[in-house]
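All figures in this text were calculated on a predicted structure; none of them were measured in a lab.
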Amino acid sequence: MKVGLSPRLRAAGLTVPLIAFIAVTFIAPLGTLLTRSVYDAEVAEILPRTMAVLADWDTSGTPSEAAYATIAMELLRARDERTLGRAATRINRIESGLRSVVVKTPRRLGRDVGTEPPGAETWRDALVAIDEAWGENATWRAIREAGQPFTSRHFLNAVDLETRADGSIAAMPESRRIYVPLYLRTLWVSLGVTALCLVIGYPIAHAIAHAGSRWSTTLLVLVLVPFWTSLLVRTTAWIVLLQNQGVVNDILVALGIVADDGRLAMIYNMTGTFVAMTHVLLPFMVLPLYSVMRSIPTRHMDAAASLGATPMQAFRRVYWPQTLPGVGAGSLLVFILAIGYYITPALVGGQSGQLISNMIAYHMQTSLNWGLAAALAAILLLAVIGLYVLYDRVVGIDRMRLG
């Protein structure tokens, strides 16, 4: 008798490829991101004996002679193994200026170094002679902190906080507070772009849904045209249009709205960011609205009018409530896309139009501070999840419709 798999097991088996795909493309990268934000064992692996000696240090003054001797030997070994630069970079992230100190120390010590300090009675004297920073408490605290495999410093930096010498957590000096203002700006820009897309996209979707079949198809194609054009091309086109000598300013000058010497600055600032992002994301608002509006029978508005409602009353009490699922879907989609944008703000935003995603890209590609980039991205992810949960509680995700 041949025994086959039950329908339930067969159905579960069909989901295995999907589960594997999600695990490889989403869960694994997300897990790596969260791990990097709290775990960095680079310095601990390069200077293990130094970290062991510093574990018993009470962080007051400078450590014992054994710590100086140990770090001298390990710096020499790290130089030979070509790992010195990685350790120096991570120490420098905690105390600026220490990278050059760490890198030049083994070079000044030379290659033929034994167990005795060269040209000095103690290793402390030898290292302080190379650079006075070796005699400062802040240097050793930075080395000890950089050598902690598990750390919260990335998350503290991501919200403009720091750990003081006494172990307390406090806000950074005002001149170094970068990320919280960027988070607030990102939230404000994302909400603003979502509102603009809704204001512009709602009448467009209404026109498409209620136009004849021929015009409806034409208008829908016009909405879809941006999807057929490169994002880079669409963004750089706004630079041509909005620059001081661009098309928009030329038209304003020709119409006499602005003087030739008073052309408007509409690019490389927040104006350029809003205009370009609204243009790029507008289809994501129009399409959900259109798909919901076309399913609303026109006789509903006729019935409201026959019962004595004015056009505005009929819209507010009959039509608008029925479009709320499309409004919710489009707004959520545009907001989530806007909060993670970085190419468009990088090209047209200038210094005042940069968002938190630009800083994440900077730390990933330029400064190579992947731990801080991961912490910034993790906070952004948690903010999006929190807003999603809030939306579900207030509106209800089950009311959202894409068509």
Side-chain angles (χ1 to χ4, degrees), residues 22 25-40 150-163 169-172 174 176-198 270 273-274 276-278 280-281 284-285 288 327-346 349 351-365 367 369-400 402:
I22 294 175
T25 61
F26 180 73
I27 297 177
L30 185 60
T32 302
L33 169 76
L34 296 176
T35 300
R36 283 188 178 276
S37 65
V38 296
Y39 181 77
D40 186 357
F150 291 94
T151 177
S152 62
R153 68 175 180 273
H154 296 310
F155 277 101
L156 292 177
N157 290 339
V159 291
D160 295 333
L161 298 176
E162 62 182 355
T163 304
I169 297 174
M172 289 184 176
E174 191 171 350
R176 293 173 55 195
R177 296 175 192 173
I178 302 173
Y179 303 115
V180 171
L182 275 178
Y183 275 118
L184 296 176
R185 181 192 296 174
T186 300
L187 179 62
W188 173 67
V189 170
S190 300
L191 291 173
V193 169
T194 302
L196 281 175
C197 286
L198 179 59
M270 191 59 70
T273 299
F274 267 99
M277 287 182 63
T278 300
V280 171
L281 296 174
F284 294 98
M285 179 66 74
V327 171
S331 299
L332 193 62
L333 187 59
V334 170
F335 177 82
I336 291 176
L337 290 173
I339 206 169
Y341 253 50
Y342 79 95
I343 294 178
T344 300
Q351 187 65 32
S352 63
Q354 300 296 295
L355 306 181
I356 193 65
S357 51
N358 299 111
M359 193 57 65
I360 294 173
Y362 167 77
H363 286 305
M364 288 294 295
Q365 301 170 358
S367 73
N369 192 348
W370 291 357
L372 180 54
L376 292 169
I379 292 174
L380 188 63
L381 176 63
L382 291 175
V384 172
I385 293 174
L387 290 171
Y388 175 85
V389 172
L390 179 63
Y391 176 89
D392 185 34
R393 291 288 182 89
V394 175
V395 180
I397 200 66
D398 55 328
R399 297 189 61 192
M400 186 176 70
L402 293 171

[atom1]-[atom2] distance between [X] and [Y], expressed to the nearest 0.5 angstrom:
X	Y	atom1	atom2	value
Leu161	Arg153	CG	CZ	15.0 Å
Cys197	Met277	SG	CE	8.5 Å
Trp188	Phe274	CH2	CZ	4.0 Å
Thr35	Leu30	OG1	CG	9.0 Å
Ile339	Ile356	CD1	CD1	10.0 Å
Leu182	Leu376	CG	CG	9.0 Å

- Residues that Leu184 engages under side chain to side chain contact (heavy atoms under 4.5 Å, CB included), provided they are two or more places apart: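 If we apply the side chain to side chain contact (heavy atoms under 4.5 Å, CB included) test to Leu184, skipping adjacent residues, the hits are Val180.
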Testing the basics here: between [X] and [Y], what is the closest heavy-atom pair and its distance to 0.1 Å?
X	Y	answer
Gln354	Pro345	NE2-O, 2.9 Å
Leu33	Ala377	CD1-CB, 3.9 Å
Gly349	Thr273	CA-OG1, 3.2 Å
Thr25	Pro29	O-CG, 3.5 Å
Ala158	Leu372	N-CD1, 4.0 Å
Ala171	Arg177	CB-NH2, 3.8 Å

- Beyond-backbone contact of Arg185 with Met270, side-chain heavy atoms, under 4.5 angstrom: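 SC-SC contact between Arg185 and Met270 confirmed.
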- Message: Is there a side-chain contact (heavy atoms from CB on, under 4.5 Å) between Leu187 and Phe335? Walk through the geometry before answering.
- Response: CA-CA 9 Å; Leu187 179 62; Phe335 177 82; 3.8 Å; yes
- Start with the C-alpha gap between Met172 and Ile178, add the side-chain angles, then the distance that decides, and say whether side-chain contact (heavy atoms from CB on, under 4.5 Å) holds. CA-CA 10 Å; Met172 289 184 176; Ile178 302 173; over 6 Å; no
When the side chains of residues 357-364 are checked against the rest of the protein, which donor-acceptor pairs come out under 3.5 Å, sequence neighbours left out?
unit_1 : atom_1 : unit_2 : atom_2 : d
Ser357 : OG     : Tyr341 : O      : 2.2
Asn358 : OD1    : Leu355 : N      : 2.8
Asn358 : ND2    : Tyr342 : O      : 2.8
His363 : ND1    : Ser367 : OG     : 2.8
His363 : NE2    : Tyr179 : OH     : 2.9

